[in-house]
Amino acid sequence: MILRIIAAIVWLAVFSCSTATCDSRPRLVVLISIDQFRADYLTRFEDLYLPALSGGKVGGFRYLMERGAYFPDAHHDHLPLATAAGHSVLLSGAPPYKSGIVGNDWWDYGTNRSVYCVQDDSSPLIGTPVKAIGISPHHLRVTTVGDELKMATGGQSKVFGIALKDRAAVLMAGHLADGVFWFDDSSGNWMSSRFFCKNGTLPGWISGLNGEKIPQSYFNSTWTPSVSAQALQRLWTPTGEYAGDGGGLGIAFPHVMSCGQTAPNQKYFRAFASSPFANEYVFTSAERLIGAEGLGKHENPDILAINLSSNDYIGHNFGPDSAEVLDVSVRSDRMLSKFLNALNSSVPGGLSHAIIVLTADHGAAPNPRAARDRGIRGGIWTEEQATGAAQDALEKELGAGKWVNAYIEPYLWLNRDLFSKRRIPIERAEHIASAALERVHGIYAAYCRSDALLGRMPHTDIGNRASVSFNPQVSGDVLIVSQPGFMPRNTEKGTSHSEPYTYDTRVPLLIAGFGMRPGTYTGRVSTLDIAPTLSLLLRVSPPSGSEGHILSRAITVDGPRK
């Protein structure tokens, strides 16, 4: 009740100030999501990060932690902890049961094929020679903060997204974005689709940036640690023993960026994306975007959503306790500092007239083999084990037939046509498959679609997460959750994510700038809270599916005045 009263007071105070007499909104909101960036990276490596302020310049993470609102117990509340779902909640405030983003991919029963989360065959790609599926936010069933801002300002505000990964940029920016750009690993260029570039051509500044061939300039360079050998001693798996190939970069420092190629090609560009140099390119491109589009210099606020995807690729290859993850975290801090200082100069009034949000789409599990070697439970289970167990159990109970269509993380998809043809209730099949899956080593639970939709889920943290992840039209038939420390993978090298445990759910949440009261706020908060909080500060309606709470304790109405 107290929090509701505070929120009401904040809303009243903000809206009582006429735009004619009060600079009541930020000029620019920048949301930076670092892919696969666990919350503990902020504190484990804090001594290696730049100071908050030094020599008249702002730092990176520590600036946001000390001069902004720092929420050390922020969590995602959905399943799976994967890129698409994790990014879809950030600026929509909607969990998967509303947004329809139930995974990176899912099975479409209408076409009997797998569908990609941002796939749209009516929105062909531009800026690439490759023939591939079209891309748009078509499958996102709710609005974003950017969509609401565009509608509230008659389209005058500008909204952009940029990331190596299409799904990250698209799902944050939303339906009404002025431009969304992602990386083409066949050419090293930025690309988009006709959904965002209606005239079928990229903006001139993007074409010019592509012409500079910045990714190619890193060919034959070497990625070496930017920190001392002493700094690396804190690591649990520093030597590469548990690492994967790293996209051709090898398992330990130094990593030669040519990755065995004689000239830049697709293999090289994929390796480039798996290095901190790609993050540098994203920030450089974001700075170019801000300047070219004049973001923050209009009468109405603008939004820019940025994702640093390379941290995820590096984490998958080397694991969260590797020298590479420590190094890319430190380098990300330096790059963030450079970007914030550029923003301070670019936005009229500086950073106090902007809002900077830093968070992540998910965390990462410890390497399972390293965990077992040290006496901690961990391991993998495979798609073949899961589908085989379900198929065998269904055949035993119901007779011969291809009962399982597919496993697409985190769901098992049954052959509904066959069950209908044989007049077998799908609910019965779900429970047969669920019981079989829960006997697979490494699987914690398998939740049935019918139970979720009828409110029969266990009232536990995991049960609640599963409940808010079932979308009636999109979700699969059985949602599979791993045991702590286990993952659905075919290798024990590196790491992965998607599970409802702290190492995956807990992510950074830092919000600095306009309207934010600096401090450390130790109460548990949700990533769903970002969208309604930004909506308040932008003075627009929260997105259509938003169900988070305004971070009232961290908000001040003493914003910059005209």
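Not measured: the values here are computed from a predicted model. Hydrogens, waters and symmetry mates are skipped; everything else that's a heavy atom, side chains included, is used.
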For residues [X] and [Y], report the shortest heavy-atom separation together with the two atoms involved.
X      : Y      : value
Arg553 : Thr522 : NH2-N, 4.3 Å
Gly174 : Phe196 : O-CE2, 3.8 Å
Leu304 : Gly161 : CD1-N, 4.5 Å
Glu547 : Tyr97  : OE1-OH, 2.8 Å
Gly296 : Val347 : O-CG1, 4.3 Å
Ala173 : Val159 : O-CG1, 3.8 Å

Salt bridge (charged side-chain N to carboxylate O under 4.0 Å, His left out) partners of Asp120, counting only residues at least two apart
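With sequence neighbours excluded, Asp120 shows a salt bridge (charged side-chain N to carboxylate O under 4.0 Å, His left out) to no residue whatsoever.
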Distance-only donor-acceptor check, side chains [X] and [Y], under 3.5 Å:
X      : Y      : result
Ser526 : Asp77  : yes
Tyr313 : Asp35  : no
Ser33  : Asp361 : no
Trp182 : Ser192 : no
Asn300 : Thr153 : no
Asp185 : Gln266 : yes
Ser498 : Glu409 : yes

From [X] [atom1] over to [Y] [atom2], what is the distance, rounded to the nearest 0.5 angstrom?
X      : Y      : atom1 : atom2 : result
Ser123 : His138 : OG    : NE2   : 9.0 Å
Glu324 : Ile314 : CD    : CD1   : 8.0 Å
Leu509 : His75  : CG    : NE2   : 11.0 Å
Tyr41  : Leu48  : OH    : CG    : 14.0 Å
Ile511 : Leu64  : CD1   : CG    : 10.5 Å
Leu538 : Arg25  : CG    : CZ    : 7.5 Å

Using modelled atom types only, decide if a donor and an acceptor are shared between the side chain of [X] and the backbone of [Y] within a distance under 3.5 Å.
X      : Y      : result
Tyr268 : Asn220 : no
Asp333 : Leu50  : yes
Ser92  : Gly545 : no
Lys213 : Asn210 : no
His497 : Leu81  : yes
Ser469 : Leu79  : yes
Asp529 : His549 : yes
Ser274 : Arg270 : yes
Lys158 : Ile303 : no
Ser310 : Ala273 : yes

Short N-O contact, [X] and [Y], less than 4.0 angstrom:
X      : Y      : result
Arg288 : Glu293 : no
Glu280 : Lys338 : no
Asp40  : Arg506 : no
Asp73  : Arg524 : no

For a 4.5 angstrom cut-off between non-hydrogen side-chain atoms, does Val507 reach Phe37?
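Answer no - side chains too far apart.
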Close side-chain approach of Cys117 to Asp105, heavy-atom, < 4.5 Å
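No, every pair of side-chain atoms sits at 4.5 Å or beyond.
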For Val118, run the side-chain contact (heavy atoms from CB on, under 4.5 Å) check against Leu140, Ile101, Leu171 and tell me which one passes.
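That would be Leu171; it is the only one of Leu140, Ile101, Leu171 passing the side-chain contact (heavy atoms from CB on, under 4.5 Å) with Val118.
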Pick from Pro543, Pro95, Ser544, Ser546: which one makes a side-chain contact (heavy atoms from CB on, under 4.5 Å) with Val142?
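By the side-chain contact (heavy atoms from CB on, under 4.5 Å) criterion, Val142 pairs with just one of Pro543, Pro95, Ser544, Ser546: Ser544.
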Just to verify, what does Tyr49 make a ring-ring contact (aromatic ring centres under 6.0 Å, His included) with, not counting sequence neighbours?
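Checked Tyr49 against ring-ring contact (aromatic ring centres under 6.0 Å, His included); matches are Phe61.
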For the side chain to side chain donor-acceptor pair (under 3.5 Å) test, which of Asn307, Asp312, Asn104 pairs with Lys165?
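Running side chain to side chain donor-acceptor pair (under 3.5 Å) over Asn307, Asp312, Asn104 with Lys165 returns exactly one hit, Asp312.
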Looking at Phe272, Phe277, Trp223, which hits ring pair (Phe, Tyr, Trp, His ring centres under 6.0 Å) with His255?
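Only match with His255 under ring pair (Phe, Tyr, Trp, His ring centres under 6.0 Å): Trp223.
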Would you check, one step at a time, whether the test side chain to side chain donor-acceptor pair (under 3.5 Å) holds for Ser285 with Trp190?
CA-CA 9 Å; Ser285 302; Trp190 290 116; 2.9 Å; yes
Could you walk me through whether Ile356 and Leu510 pass the side-chain contact (heavy atoms from CB on, under 4.5 Å) check?
CA-CA 8 Å; Ile356 310 299; Leu510 308 170; over 6 Å; no
Working for side-chain contact (heavy atoms from CB on, under 4.5 Å), residues Leu289 and Trp205:
CA-CA 8 Å; Leu289 189 162; Trp205 67 267; 3.4 Å; yes
Does the side-chain contact (heavy atoms from CB on, under 4.5 Å) test come out yes or no for Asn189 and Thr128, once each step is laid out?
CA-CA 8 Å; Asn189 289 337; Thr128 176; over 6 Å; no
Taking NE2 in His175 as the centre, count heavy atoms belonging to other residues, nucleotides or ligands within less than 6.0 Å. Is the count above 12?
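Correct, the count exceeds 12.
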Residues Asp178, Lys150; criterion salt bridge (Lys or Arg N to Asp or Glu O under 4.0 Å); working and verdict
CA-CA 9 Å; Asp178 296 273; Lys150 293 286 287 187; 2.9 Å; yes
